[in-house]
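Right, one structure below, let's go through it.
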There are 2 protein chains.
Amino acid sequence: MTSDLHATVEERLRDAGQRYTLKRRELVEVLRRAGRPSATPDLVRGRRGMPQSSVYRNLAVLEQVGVVRRVITEEGIARYELAEDLTTHHHHLVCRVCGAVEDVTIPSRLERTIERTLAEAAADLGFEGVGHRVDLIGTCRTCRASATA
Amino acid sequence: MTSDLHATVEERLRDAGQRYTLKRRELVEVLRRAGRPSATPDLVRGRRGMPQSSVYRNLAVLEQVGVVRRVITEEGIARYELAEDLTTHHHHLVCRVCGAVEDVTIPSRLERTIERTLAEAAADLGFEGVGHRVDLIGTCRTCRASATA
DNA sequence: ATCAGTGCAAACTTTTTGCACCGCA
DNA sequence: TGCGGTGCAAAAAGTTTGCACTGAT
């Protein structure tokens, strides 16, 4: 399924008149392996020949062609993950102390209920509901442990 | 009920060894009138004798004593609103184009269902669920109108 | 040869902080 | 009169951009 992913990415880029360069492939690969939204330092760290500007620019391109999604955390910094149609619909558990993010899925029955109700509320207010963001804010294992100390 | 609000704020500040100064009162008043999360420019604009540093510092204090809540938007900038126990539990509809935010409430029955399920999922992952963030992302009336042009 | 992509450094935006001064309990 | 609050200006942190160079078709 990995080659499927890259094939899809390549296609989306080509459709937008863009190339699937080595660096872009590397970014996609890192995001796939991460399995959770990654911050830019994570994408640059230890990777020589990967300046911030390229990371930001390539992520912007990948976002525009629908390959990655940009998520803003509680601290106001950006994290990036593969678009949901390349993975699966999920939500985030965000640690309010260290900002760590875990992926989580919830039962599709409840998912649909949430979606429907929110869309309804949105329509009442003149919004065209195109998506929702359901995050859980808490304290992760690690930060609870160090808080005890 | 307005005096109740200020009395509560004053009490919370006093309990933390802080004063309810005129500027803090002004900030609380503006947030109450806004009825939606406000960005710092909104809190400074047109208000002389209200430098950014004071706004940020006072908002930080008010957040620490549980009077205001800081919300990060899709664009990564902070917005501030009165804490939920001073208003009512609600969610946000965020315009993905202009970043406008509307408040919205959903039926308490569904609210409880969401809360319970998310807490459960969080516990499985070693998080201590202390809250959730349910936002709806869409396009507001104004931006839909200008998109048509 | 052309045009997208890259790398460096500088600019920009939002938020935080150092420091001297002000003012209320 | 002491300590919290204020204001200015500078610094951080994260992100974006200008520009010259590289590389693939």
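Each chain gets a letter, A, B and so on, in the order the sequences are listed, and its residues count up from 1.
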What integer distance in Å separates [X]:[atom1] from [N]:[atom2]?
X        : N       : atom1 : atom2 : result
Ile72(B) : dT15(C) : CD1   : C1'   : 10 Å
Lys23(B) : dG7(D)  : NZ    : C1'   : 9 Å
Leu22(B) : dC22(C) : CG    : P     : 19 Å
Arg24(A) : dT6(C)  : CZ    : P     : 5 Å
Arg14(B) : dC3(D)  : CZ    : C1'   : 17 Å
Met50(B) : dC8(D)  : CE    : P     : 13 Å
Glu63(B) : dT15(C) : CD    : P     : 12 Å
Arg25(A) : dT6(C)  : CZ    : C1'   : 18 Å

Using the side-chain heavy atoms of [X], tell me which of these nucleotides is nearest: [options].
X        : options                  : value
Ser53(A) : dG23(C), dG7(C), dG7(D)  : dG7(C)
Arg19(B) : dT15(C), dG14(D), dG4(D) : dG4(D)
Ser54(A) : dG5(C), dT6(D), dG7(C)   : dG7(C)

Check whether any side-chain N or O of [X] sits under 4.0 Å from OP1 or OP2 of [N], and answer yes or no.
X        : N       : value
Thr40(A) : dG14(D) : no
Asn58(A) : dT6(C)  : yes
Tyr56(A) : dT15(D) : yes

With a 3.5 Å cut-off and just heavy-atom distances, do the side chain of Arg57(B) and the base of dG4(D) make a donor-acceptor pair?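 Answer is no: no donor-acceptor pair is held.
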
Between Asn58(A) and Lys23(A), is a side-chain contact (heavy atoms from CB on, under 4.5 Å) present by the stated rule, with each step listed? CA-CA 8 Å; Asn58(A) 283 325; Lys23(A) 288 185 194 290; 4.2 Å; yes

Looking across every strand, which nucleic acid part, if any, lies under 4.0 Å from [X] by heavy atom: base, sugar-phosphate, or nothing?
X        : value
Gly49(B) : sugar-phosphate
Gln18(A) : sugar-phosphate
Ala60(B) : nothing

Whether Thr73(B) side chain and Ile77(B) backbone form a donor-acceptor pair below 3.5 Å: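 The answer is yes, because a donor-acceptor pair under 3.5 Å joins these two groups.
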
Can a salt bridge be assigned to the pair Arg12(B) and Asp85(B) using a cut-off of 4.0 Å between side-chain N and carboxylate O?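 Salt bridge between Arg12(B) and Asp85(B), a charged N being under 4.0 Å from a carboxylate O: yes.
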
Derivation of the salt bridge (Lys or Arg N to Asp or Glu O under 4.0 Å) call for Arg32(A) and Glu29(A): CA-CA 5 Å; Arg32(A) 185 180 64 74; Glu29(A) 196 55 38; 2.3 Å; yes

For His90(B) and Glu81(B), does a side-chain donor sit closer than 3.5 Å to a side-chain acceptor?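 Yes, Glu81(B) and His90(B) have a side-chain donor paired with an acceptor closer than 3.5 Å.
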
